[in-house]
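Take a look at the structure below.
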Amino acid sequence: MEKFTFLIYLIIFTFGAVTKSETTKDHAVMVTVTTDTIPSPRIKLSFPLDTAIEYTIYRKYILDDDWGEPAALLPGTATEFVDSNIRTGRGFEYKVKKKLAGFDAFFYTYAGIDVPQTEYRGIALLLIDSTVSALMGNELSVYENDLITDGWIVHKHFVPRAEKFNPQAVVRVKKIITDEYNLYNNEIKAIILLGRVPVPYSGDAAVDEHDPDHRGAWPADLYYGEIDGLWTDNKINETRPDRDENKNVPGDGKFDQVSIPSDVDIPVGRIDFYNLPGMSLSEVELLKRYLDKNHKFRHKLISIDDRCLIDDRFGMYSNEAFAANAWMNFAALEGPAQIDSGSYIKDMANKSYLWSYGCNSGGYTSVLRVAYVPEFNTLQYNSIFTILFGSYLGDWDSEDNIMRVAIASEPSILTCCWSSRPFWQFQHMSLGETIGFSTLLSQNNQYLYETSGLYGYRLIHIALMGDPTLKMQYVAPPSNLIILSSTISPDSQYINMKWDRPVDSDIIGYNIYRTDSLNTKFEKLNSFPVNDTYFTDYNPIYGKNIYMVRAVKNQHSASGNYFNLSQGIIAETDLPKINFTMMTAPVFNVYPNPVSERVYIAFLQQVTTRFTLGIYDMSGRLIRIIGAGRIPPGRYLYTWDLHDINRVKVTTGIYFIKFSTNEGTTVTKVFVY
């Protein structure tokens with residue numbers, strides 16, 4: 001036996017010395033994308049010289065559902081393709097197919113110059129496990145605000161908790177979603193499952209080839225996002241699997257479908273840390289930690305290198321090239337030069353990677369020599385978007401499932417998916433699309449994105465662990481948005497505000513938005529980015545005015561550049577209708593008094609003058625300047641939100657409102673409670 005084994009190794013070693021072994025990287029085309037506007041806009045795809053037979057290049061727009069005729073057919077000696085038939089302000093999707101002697105290799109990118117970002121993302125359904133919601137504290141409200149200030153309208157629902165499979169609870173959750181969909185239809189762009197939201201099951205398959213012990217129903221979160229297909233429960237009768245969860249018999253509430261009955265309509269992401277005893281923290285503590293690191297990433301408080309890590313322990317698996325999915329996507333997202341081939345466990349301890357991938361033989365709680373639950377509990381995994389592939393772990397509704405453990409880890413992993421059966425498509429994220437957009441494409445893909453992947457397309461198991469609204473690149477937001485004053489006269493009204501610049505590069509200005517309710521869409525007030533850090537709204541609405549300011553960055557990526565928007569900062573004020581007819585100068589109309597939230601200061605000025613309007617405490621100490629400068633005759637309204645110059649709310653007590661002009665000074669007392 002030892003001699004026989006030695007002979008095999010000798011043959012392999014000798015063969016490798018004279019013939020280049022086929023690798024998973026060979027199944028992806030390592031394309032570098034560059035853009036230029038001189039002498040005219042163009043996008044260039046460059047790739048190394050190879051022993052290819054030919055290259056076929058396709059181009060389409062992002063929402064096109066076919067590639068049409070090839071844009072170019074190039075000889076195998078080609079090393080680039082230049083597309084000059086483009087215009088700035090629009091993204092273009094490219095497919096590169098390289099024909100080799102024994103197989104084809106692929107690359108996809110979404111490229112463009114000065115591509116605008118989506119300002120309004122749509123409605124996000126936030127479905128929260130009702131049991132944990134009361135225990136979440138401030139983290140939940142911060143997360144909801146993060147969604148709103150990223151351009152989402154949040155529709156929040158508390159849903160029943162189901163620790164074990166509960167078909168009735170699944171039906172209740174689906175009804176909430178379909179009711180919302182019937183009301184808002186295409187406005188709903190994301191479903192977020194937070195906590196132990198009931199898990200749907202469907203199918204009779206062993207996508208990881210472990211048959212019969214792992215054949216049967218697998219978790220099927222995409223059921224929640226598929227609105228109009230027919231799901232049945234009267235055909236499959238599978239009782240052989242080891243786990244009861246995978247058994248599927250008629251009438252048990254687990255669906256028959258192995259493939260999705262129609263396209264998934266809404267991307268779904270799950271943040272669920274139930275039944276993770278291998279993690280030191282409790283389920284609620286893990287949820288809080290996840291939302292905290294989510295907030296930090298969105299606000300650019302987590303430092304991550306723009307690099308990718310691939311730990312390929314499978315290599316070629318018969319004729320499947322699992323890790324080609326990572327090589328193909330990472331080349332598009334960060335560029336071939338930004339990809340490291342290394343150890344998932346070791347390299348992320350002292351380096352950071354925006355994207356990471358690891359594959360090998362697996363179990364529910366491990367990927368051999370790549371990732372294990374105990375390490376996720378104790379080590380630092382410095383990545384944001386991670387992909388794990390191996391047997392069993394794609395069945396994520398299991399104790400200490402390593403995909404859910406990955407996003408529960410410290411300090412930064414936020415999403416995880418089981419990708420290679422089938423291949424996922426992430427390329428659109430390089431120009432600002434969300435990972436939910438990628439999830440939807442990957443779930444619905446059959447023939448549009450041709451890859452080296454052979455199995456799993458349109459099957460019910462394709463799922464995202466983590467927040468589907470996340471983008472790949474974020475901008476540091478501005479800070480300290482302050483409503484300086486509100487002015488009202490019979491002829492006009494306006495509101496002044498200011499903010500502080502963010503600590504970030506390539507900021508080209510700011511967008512200012514307004515709404516009267518956080519449950520409605522914000523309206524943008526400026527046509528072009530505002531360069532200053534102050535703004536006057538000359539057409540405010542009577543009643544509540546909620547303002548949001550977002551920084552605009554010229555964001556460069558591996559496939560071009562786009563105008564990326566930061567998270568927003570919010571401030572609000574009320575603009576009441578006021579009757580000035582009974583007012584005489586210099587008498588103030590100060591109301592309400594006493595006051596608990598906001599005081600309005602209305603006055604009539606009869607001559608042009610310079611003025612100062614300040615707030616003082618009982619000792620005469622200046623608390624805050626509300627307004628100052630030169631004013632012409634007119635009727636004016638200013639507001640004080642009861643905060644001092646440091647944005648700290650004042651304590652209960654008596655304060656003085658002092659109005660000083662060239663003509664004299666008026667002081668009015670106000671009681672704050």
Side-chain angles (χ1 to χ4, degrees), residues 12 15-16 19-32 47-48 50-56 58 76 94-109 206-210 308-336 338-344 355-362 367-371 385-394 416-427 438 441-442 445-459 461-462:
I12 293 173
F15 179 77
T19 305
K20 179 182 180 296
S21 298
E22 180 185 335
T23 70
T24 56
K25 185 178 179 181
D26 295 331
H27 285 253
V29 189
M30 294 290 100
V31 176
T32 299
F47 33 89
D50 198 2
T51 57
I53 297 171
E54 65 181 16
Y55 291 88
T56 309
Y58 298 86
Y94 296 90
K95 170 183 176 180
V96 179
K97 182 176 181 178
K98 177 171 67 173
K99 186 172 184 60
L100 297 158
F103 56 90
D104 295 331
F106 301 92
F107 172 82
Y108 295 89
T109 188
V207 191
D208 56 5
E209 296 183 348
H210 289 273
C308 307
L309 175 67
I310 297 177
D311 190 353
D312 179 10
R313 305 281 177 164
F314 258 129
M316 292 301 301
Y317 184 82
S318 183
N319 59 343
E320 289 186 87
F322 296 138
N325 194 194
W327 288 108
M328 181 183 72
N329 275 290
F330 293 175
L333 294 168
E334 294 289 355
Q338 298 299 104
I339 304 174
D340 291 347
S341 182
S343 169
Y344 193 96
W355 288 86
S356 54
Y357 173 92
C359 68
N360 202 359
S361 300
V367 181
L368 182 64
R369 299 169 60 202
V370 173
F385 306 100
T386 198
I387 302 166
L388 294 172
F389 183 74
S391 297
Y392 295 99
L393 60 141
C416 185
C417 62
W418 193 69
S419 176
S420 290
R421 282 186 176 175
F423 279 27
W424 281 50
Q425 304 297 143
F426 298 105
Q427 66 269 14
S438 300
L441 280 186
S442 304
N445 181 44
Q446 179 73 59
Y447 304 113
L448 182 61
Y449 297 103
E450 184 183 8
T451 71
S452 298
L454 300 180
Y455 304 116
Y457 292 97
R458 294 182 68 86
L459 299 192
H461 70 284
I462 309 170

Q | Close side-chain approach of Tyr108 to Glu450, heavy-atom, < 4.5 Å | A | yes
Smallest heavy-atom separation, Leu388 atom then Ala371 atom, equals CD2-CB, 4.4 Å
Q.
Contact between Thr109 and Val31 at the side-chain level, heavy atoms closer than 4.5 Å - yes or no?
A. no
Answer yes or no: is there a side-chain heavy-atom contact under 4.5 Å between Phe385 and Phe426? no
Output for pair (Ser343 OG, Ile310 CD1), nearest 0.5 Å, gives 13.5 Å
**Asked** Quick check, are the ring centers of Tyr55 and Phe47 under 6.0 angstrom apart?
**Response** yes
Nearest heavy-atom contact between Thr386 and Tyr344 is OG1-OH, 2.5 Å
Angle between ring planes, Tyr357 versus Phe330, binned at 30° and 60°: parallel, tilted or perpendicular? perpendicular
May I ask you to decide if Trp424's main-chain N or O and Asn325's side chain share a donor-acceptor pair within less than 3.5 Å? yes
TODO: State, with a plain yes or no, whether a side-chain heavy atom of Phe322 is found less than 4.5 Å away from one of Thr24.
DONE: no
Value for SG (Cys308) from CG (Asp340), rounded to nearest 0.5 Å, stands at 8.5 Å
(Q) Does Asn329 form a side chain to side chain contact (heavy atoms under 4.5 Å, CB included) with Trp355? I'd like the steps, not just the answer. (A) CA-CA 10 Å; Asn329 275 290; Trp355 288 86; over 6 Å; no
Taking every heavy atom of Ala105 against every heavy atom of Ala28, the minimum-distance pair comes out as CB-N, 3.9 Å
Interatomic distance, OH@Tyr392 vs CG@Asp208, rounded to 0.5 Å, equals 6.5 Å
Review point. Less than 4.5 Å apart, any side-chain heavy atom of Gln427 and any of Phe107?
Key: no
### Query
Between Asp104 and Lys98, is any pair of side-chain heavy atoms under 4.5 Å apart?
no
Exercise. Looking at side-chain heavy atoms only, is the closest gap between Ser419 and Gln425 below 4.5 Å?
Worked result: no
Rounding to 0.5 Å, atoms CG (Asp311) and SG (Cys359) come to a distance of 7.5 Å
Here the gap from Leu100 atom CG to Glu54 atom CD, rounded to the nearest 0.5 Å, amounts to 10.5 Å
Say whether Asp26 and Thr23, considering side chains only, have a donor N or O and an acceptor N or O under 3.5 Å apart. yes
Would the distance check show the side chain of Arg421 and the main-chain N or O of Val207 forming a donor-acceptor pair, the cut-off being under 3.5 Å? yes
Nearest heavy-atom approach of Arg458 to Asn445 is CG-O, 3.4 Å
Parallel under 30°, tilted from 30 to 60°, perpendicular over 60°: which one fits the rings of Phe314 and Phe389? tilted
Would you indicate whether the side-chain heavy atoms of Ser341 and Asp312 approach each other to under 4.5 Å?
-> no
Rounded to the nearest 0.5 Å, the OG atom of Ser452 sits from the CG atom of Asn319 at a distance of 10.0 Å
Between Val367 and Asn360, the two heavy atoms sitting closest are CG1-N, 3.4 Å
Shortest non-hydrogen pair, Pro48 vs Met30, comes out as CD-O, 3.3 Å
Margin query: Parallel, tilted or perpendicular, judged at 30° and 60°: which one describes the rings of Trp418 and His461?
Written below: perpendicular
